[in-house]
Participant: 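This is the structure I want to talk about, given as structure tokens.
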Amino acid sequence: MSDQRLEIRYRCMHPSCVVNCREGVIAVDEEFFKELSSHYEEEDMFRSPKGFCRLGFSQPYKVLTLEPLVDEEPVQLDPELEDADPIGILMAEHRDILGMLEKLENLVRKRDAHALWAYTAEVENALMVHSGLKEEEVLFPAIKSVMELSDVLVTIIKEDHREILSLLHNFRTALQEGDLIDGCLRSMIVSLRSHIRKENYEFFDIVDKGIPPELKLSILKGMDEIAKLYEPIVAGPLVVKRNPKREMFNDEADAIKDLANVDTGCTC
Ligand SMILES: [Fe+2]
Ligand SMILES: [Fe+2]
């Protein structure tokens, strides 16, 4: 027996139907529809199912349109995501980001501006996908409906994201102006490590326990889809354009340093 469901838009042909149900939509199994239409010779006529007519009779219904009912598409995931869970994926990305921070520290030690320019773009791309999209655009809105504490936690986490990205931007902008402000990048690294610790050991632990399994699946799908939409920034070669205001500030700072180093002849 076919279990195909049909969606039928119908018109009731009863000449004196007084209830406002002359036209409507009904969904029935294909086999049942065959039985209902067997009462008429015309192919486009069928008898209304029991109890369907509000007057309580079986009425002659005319088919206006008839389409197979398509079930809502089940959530489809890339095969490698099927056994994964969203928090597991985010924590794996944390490990990748921590690896990137180690490489950044090496580049800062070498003070290689060109390599830092290129690599900080990669770090920014990784953070935008991980924090800006997967966490802020997919995970946080999803947990809002199932967790009472989430608003407070999400605000704290988002503030961290803003601070980290702003430090990274400041560092990159300074590179374009010919300055390598390693203190700024080191602050970003410290903040990001502490942020990852906060998520791994506090935030994600609470979130993981609060997400029902069916929500995990839709979060996974959302994260997978949104990551594919991201257009990564391409660093290109580092072109330095000196900022005259910054130059003036540096000159003044150098003059003050020189003044402070003047040998006054004092021996005390
Ligand atoms: Fe994270
Ligand atoms: Fe985060």
Side-chain angles (χ1 to χ4, degrees), residues 78 80-81 83-140 154 156-205 207-208 219-220 222-243 246 250:
D78 281 353
E80 70 266 23
L81 288 183
D83 295 324
D85 75 282
I87 300 303
I89 285 180
L90 292 173
M91 287 178 77
E93 287 180 1
H94 283 169
R95 286 193 287 278
D96 295 342
I97 292 169
L98 290 173
M100 292 181 105
L101 295 187
E102 275 181 34
K103 186 168 172 184
L104 260 190
E105 278 177 327
N106 285 334
L107 295 176
V108 174
R109 255 177 245 125
K110 290 178 192 162
R111 297 188 64 78
D112 183 339
H114 292 275
L116 279 164
W117 171 249
Y119 199 61
T120 46
E122 280 185 45
V123 173
E124 183 168 339
N125 284 330
L127 290 179
M128 286 306 293
V129 173
H130 173 86
S131 309
L133 298 179
K134 291 184 178 179
E135 289 179 348
E136 291 199 12
E137 296 293 326
V138 180
L139 179 71
F140 299 168
V154 163
I156 295 168
I157 296 289
K158 278 186 173 177
E159 272 172 18
D160 282 359
H161 290 171
R162 302 288 165 274
E163 185 203 336
I164 290 159
L165 271 179
S166 136
L167 288 167
L168 190 59
H169 280 159
N170 289 348
F171 176 78
R172 286 176 58 75
T173 305
L175 276 182
Q176 287 178 300
E177 293 173 353
D179 283 330
L180 199 156
I181 46 177
D182 54 349
C184 179
L185 195 61
R186 285 184 208 280
S187 294
M188 189 283 279
I189 293 171
V190 170
S191 294
L192 187 46
R193 281 195 177 124
S194 139
H195 174 75
I196 286 176
R197 264 198 307 276
K198 194 186 292 172
E199 286 188 339
N200 281 356
Y201 298 111
E202 298 169 37
F203 185 61
F204 283 173
D205 197 38
V207 170
D208 199 30
I219 293 172
L220 269 179
M223 290 191 338
D224 190 38
E225 283 174 357
I226 206 162
K228 287 176 187 158
L229 297 177
Y230 179 69
E231 293 272 343
I233 54 164
V234 179
L238 172 62
V239 179
V240 175
K241 282 188 193 151
R242 298 209 174 261
N243 180 340
R246 190 187 281 270
N250 288 345

Participant: In the structure I gave you, are the side-chain heavy atoms of Leu101 and Leu192 within less than 4.5 Å of one another anywhere?
Facilitator: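 When only atoms from C-beta onward are counted, Leu192 and Leu101 do touch, with a gap below 4.5 Å.
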Participant: Can you list the residues that meet the side chain to side chain donor-acceptor pair (under 3.5 Å) rule with Glu137, with sequence neighbours excluded?
Facilitator: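 By the side chain to side chain donor-acceptor pair (under 3.5 Å) rule, Glu137 matches no residue at all.
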Participant: Check for me whether the distance between the ring centres of Tyr230 and His130 falls short of 6.0 Å.
Facilitator: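 Ring centroids of Tyr230 and His130 are no less than 6.0 Å from each other.
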Participant: Would you say the side chain of Glu177 lies within less than 4.5 Å of the side chain of Val240, judging by non-hydrogen atoms?
Facilitator: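 Not touching, per the 4.5 Å side-chain cut-off.
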Participant: Would you compute the distance between atom CG of Leu90 and atom CD1 of Ile97 and round it to the nearest 0.5 angstrom?
Facilitator: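 Answer for the CG-CD1 pair, Leu90 versus Ile97, is 9.0 Å.
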Participant: Applying side-chain hydrogen bond (donor to acceptor under 3.5 Å, both in side chains), which residue pairs with at least one partner in residues 112-122 are found, sequence neighbours left out?
Facilitator: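 The answer is Thr120-Arg172.
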Participant: What ring pair (Phe, Tyr, Trp, His ring centres under 6.0 Å) pairs are there with at least one residue in residues 157-198, not counting sequence neighbours?
Facilitator: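 Checked against ring pair (Phe, Tyr, Trp, His ring centres under 6.0 Å) - neighbours excluded - the pairs reaching residues 157-198 are His161-His195.
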Participant: Can you tell me how far the CG atom of Asp208 sits from the CG atom of Asp85, to the nearest 0.5 Å?
Facilitator: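 It comes to 6.0 Å.
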Participant: Using the ring of each side chain (for Trp, its six-membered ring), is Phe204 parallel, tilted or perpendicular to His94, with breaks at 30° and 60°?
Facilitator: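 Phe204 vs His94 ring planes: parallel.
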Participant: So do the side chains of Ser191 and Asp160 get within less than 4.5 Å of each other, counting heavy atoms only?
Facilitator: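 Of all side-chain heavy-atom pairs linking Asp160 with Ser191, none is under 4.5 Å.
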Participant: How long is the straight-line distance from CD1 of Ile226 back to CD of Glu136, given to the nearest 0.5 Å?
Facilitator: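 Separation between the atoms: 10.5 Å.
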Participant: With a 4.0 Å cut-off, would you call Lys158 and Glu135 a salt bridge?
Facilitator: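 So Lys158 does not pair with Glu135 through a salt bridge.
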Participant: Check the pair Leu133, Val138 against side-chain contact (heavy atoms from CB on, under 4.5 Å), reporting the backbone distance first and the verdict last.
Facilitator: CA-CA 7 Å; Leu133 298 179; Val138 180; over 6 Å; no
Participant: Show your working on side-chain contact (heavy atoms from CB on, under 4.5 Å) between Val239 and Gln176 and close with a plain yes or no.
Facilitator: CA-CA 6 Å; Val239 179; Gln176 287 178 300; over 6 Å; no
Participant: Would you mind reporting whether Leu98 and Arg193 have side-chain heavy atoms less than 4.5 Å apart?
Facilitator: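 They are in contact (side-chain heavy atoms under 4.5 Å apart), so the answer is yes.
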Participant: What are the two closest heavy atoms between Lys134 and Ala227, and how far apart are they?
Facilitator: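 Lys134 and Ala227 have their closest heavy atoms at CE-CB, 3.8 Å.
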Participant: What verdict does the side chain to side chain donor-acceptor pair (under 3.5 Å) test give for Asn200 and Arg197, after you've listed the backbone C-alpha separation in whole Å, the side-chain angles of each residue and the deciding distance to 0.1 Å?
Facilitator: CA-CA 5 Å; Asn200 281 356; Arg197 264 198 307 276; over 6 Å; no
Participant: Provide the closest heavy-atom pair for Ala235 versus Ala118 in the form atom of the first, atom of the second, distance.
Facilitator: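 Heavy atoms only, the tightest pair is CB-CA, 3.9 Å.
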Participant: Could you tell me whether the side chain of Asn125 reaches within less than 4.5 Å of the side chain of Met128, counting heavy atoms only?
Facilitator: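 No. Closest side-chain heavy atoms not under 4.5 Å.
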Participant: Atom OG1 of Thr173 and atom CD1 of Ile181: how far apart are they, to the nearest 0.5 Å?
Facilitator: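 Interatomic distance, Thr173 OG1 to Ile181 CD1, rounded to 0.5 Å: 8.0 Å.
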Participant: For Leu185 and Leu116, run side-chain contact (heavy atoms from CB on, under 4.5 Å): C-alpha distance rounded to whole Å, both residues' side-chain angles, the deciding distance at 0.1 Å, then the answer.
Facilitator: CA-CA 10 Å; Leu185 195 61; Leu116 279 164; 3.8 Å; yes
Participant: Return the CG to CE distance between Asp182 and Met188, rounded to the nearest 0.5 Å.
Facilitator: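 The distance works out to 12.5 Å.
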Participant: Between CG of Asp224 and NZ of Lys228, what distance do you get to the nearest 0.5 Å?
Facilitator: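 It comes to 4.0 Å.
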Participant: Step by step, would you call Asn106 with Arg109 a side-chain contact (heavy atoms from CB on, under 4.5 Å)?
Facilitator: CA-CA 5 Å; Asn106 285 334; Arg109 255 177 245 125; 2.7 Å; yes
